[in-house]
2 protein chains.
Amino acid sequence: MKTPIPKPTRVADAYEMLKDEIRSNRMPPGFQAPEPEIAARLGMSRTPVREALIRLQAEGLVELIPRRGARVLPIRAEDMQEIYEIFTSLEPDAAAALARTNPTQAQLQPLTDATAAMERALDTDDLDAWAEADDQFHRHLLNLHGNRRLSGILETLYDQAHRARMITLRLREVPLQSTQDHRDILEALKNGDAERTRALFRRHRERAAFELLNILENYKLPLL
Amino acid sequence: MKTPIPKPTRVADAYEMLKDEIRSNRMPPGFQAPEPEIAARLGMSRTPVREALIRLQAEGLVELIPRRGARVLPIRAEDMQEIYEIFTSLEPDAAAALARTNPTQAQLQPLTDATAAMERALDTDDLDAWAEADDQFHRHLLNLHGNRRLSGILETLYDQAHRARMITLRLREVPLQSTQDHRDILEALKNGDAERTRALFRRHRERAAFELLNILENYKLPLL
DNA sequence: TATTGCTTTAATGCATACATTGATGTGTGC
DNA sequence: GCACACATCAATGTATGCATTAAAGCAATA
């Protein structure tokens, strides 16, 4: 029995390409273009592009404005506030639930690896790698927890937050504390200490939100 | 300045109609039909139907199976478990945050009304009205809290859970406890007691999940 | 110059056409 | 009766055409 590999179709291509352009800020916040133009750029007709855009709109990355085309959503401090509030609610509970299952070292390996990668990245001053590893930690944690809907929701929000994080990444202190947070959380998970895991995670997200929002508000970045 | 009223377009119609059919179980879990058939039934071409279906898929109500058409997702106990776990994480925090703002009686009026409606519905043995009022309570609460993304996420999940709730509504005891929960939560909100609000809400959702899952598993309902 | 109204332009929303390709059914050989 | 190859059918994925209508440009007027 073969696993049905979803054949890459044009809609899927358009979706991937556009999402990548947006995440990478190559299509910056506020960028706007009519469907025909995007279609031309992607070398396909309007139909698959339109369908991809509908998905991206549902995921909160673009806005479809009648007669004006698709607009890449701006990065507003309020949006990040909303997003981080949700992180702060969901992730600590998910992590605590995972801790309660008394996961084995082997199971936690992806998290150990991600944490190690974060530390390595700090040593080599590679902030992009750091951000990537940080992301991986959070995603793997959710996978381990196993609630697929929860994963889906949070991944959508990670995508939304990604651009802001990349922009602010170099405007703040080296993320020593954040890296240490991960180390601590991992430790609590290994010990199966649910309450400690939850508390640590909550603090982790509260701090992250505080830092991010400070930067966004102080620097008044050109995010529209 | 006039508020731009989103003119009802065919896609929007298709979306609303299909969503309504699904929520009401007129298109029952497991129902499957090819796009052309749905389009014919709605009296429009495939294009708007397809676009509506893409949205509904993103919202977890249908599944688009290549060559087989759109399929209304089944109601599985595991899905409800996932959903209620998310409720249990998000709503208590949101309610606690609201309590922390020391809301006035006037602000809480929609919740008072909803609670009263629940009690009235119990008196008159109108379970549908009860469910409706229950829903309203939760939605209004989120509105008051103000995190739009949070509202969006939870509303999507309410929709997903709706069908299961309606099916099980008459298979369980009269929801006295649940109604009382709302009364208590409202009281805690009025008192601005964040921690009590959170605790009550969490218990409320935990109990609801327990009951719902029990019914789903025991009755082995034909939900596929 | 600012305002109003008209003309032009062009993007969307939708319908339709069509090629591709998986699913279904039939017939043949064993 | 069963398996397999093949022919048929039909649904999707995509392209394209077209009417509608908002936006932008322009002109005439105050």
Side-chain angles (χ1 to χ4, degrees), chain A residues 1-22 27-28 30-74 224, chain B residues 1-22 27-28 30-74 224:
Chain A
M1 174 167 180
K2 63 162 182 262
T3 312
I5 296 162
K7 182 183 63 164
T9 174
R10 277 185 164 75
V11 212
D13 284 357
Y15 173 79
E16 296 294 346
M17 292 165 101
L18 288 173
K19 183 160 155 181
D20 194 57
E21 297 259 319
I22 295 169
M27 279 172 87
F31 175 87
Q32 209 172 31
E35 289 174 13
E37 189 180 314
I38 300 178
R41 188 185 312 194
L42 298 186
M44 58 183 78
S45 83
R46 276 177 56 214
T47 309
V49 171
R50 210 173 140 68
E51 293 180 359
L53 286 174
I54 289 172
R55 261 192 77 186
L56 290 168
Q57 179 173 46
E59 291 173 12
L61 290 178
V62 307
E63 182 185 14
L64 259 32
I65 309 174
R67 311 259 148 213
R68 322 205 75 141
R71 173 154 168 275
V72 177
L73 284 179
L224 207 175
Chain B
M1 175 174 180
K2 64 159 181 257
T3 312
I5 296 162
K7 182 183 61 166
T9 173
R10 278 184 165 76
V11 213
D13 284 356
Y15 172 79
E16 296 294 347
M17 292 165 102
L18 289 173
K19 184 160 154 182
D20 193 55
E21 298 260 318
I22 295 169
M27 280 172 88
F31 174 87
Q32 211 172 33
E35 289 175 12
E37 190 180 313
I38 301 177
R41 187 185 312 195
L42 298 187
M44 58 183 80
S45 84
R46 276 179 55 216
T47 310
V49 171
R50 209 173 141 68
E51 293 179 359
L53 286 174
I54 289 173
R55 260 191 79 186
L56 290 168
Q57 178 172 46
E59 291 173 12
L61 289 179
V62 307
E63 182 185 15
L64 261 32
I65 309 174
R67 312 261 147 211
R68 320 207 77 142
R71 173 157 169 273
V72 176
L73 284 179
L224 207 172

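Here is how names work: the chains are called A, B, and so on, in the same order as the sequence lines, proteins then strands, and each is numbered from 1.
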Sugar-phosphate atoms are those with a prime plus P, OP1 and OP2; base atoms are the rest. Using that split, label each nucleotide of nucleotides 6-15 of chain C B, S or - for protein heavy atoms under 4.0 Å, 5' to 3'.
-----BBBSB
Any pair with a residue in residues 37-46 of chain B that passes side chain to side chain donor-acceptor pair (under 3.5 Å), sequence neighbours left out, goes on the list, sorted by first then second residue, please.
B:E35-B:R46
For B:Q32 and D:dA10, give me the distance from atom CD to atom P, rounded to whole Å.
17 Å
Do NZ/NE/NH1/NH2 and the carboxylate oxygens of A:E59 and A:R55 come within less than 4.0 Å?
yes
I'd like to check A:L42 versus A:D13 (side-chain heavy atoms, cut-off strictly below 4.5 Å). Are they in contact?
no
Got A:L64 and A:L53 here, is their nearest side-chain heavy-atom distance under 4.5 Å?
yes
Rounded to whole angstrom units, what separation is found between the CD1 atom of A:I54 and the P atom of D:dG13?
14 Å
Decide yes or no for A:L18 and A:M27: does some side-chain heavy atom of the first lie under 4.5 Å from some side-chain heavy atom of the second?
yes
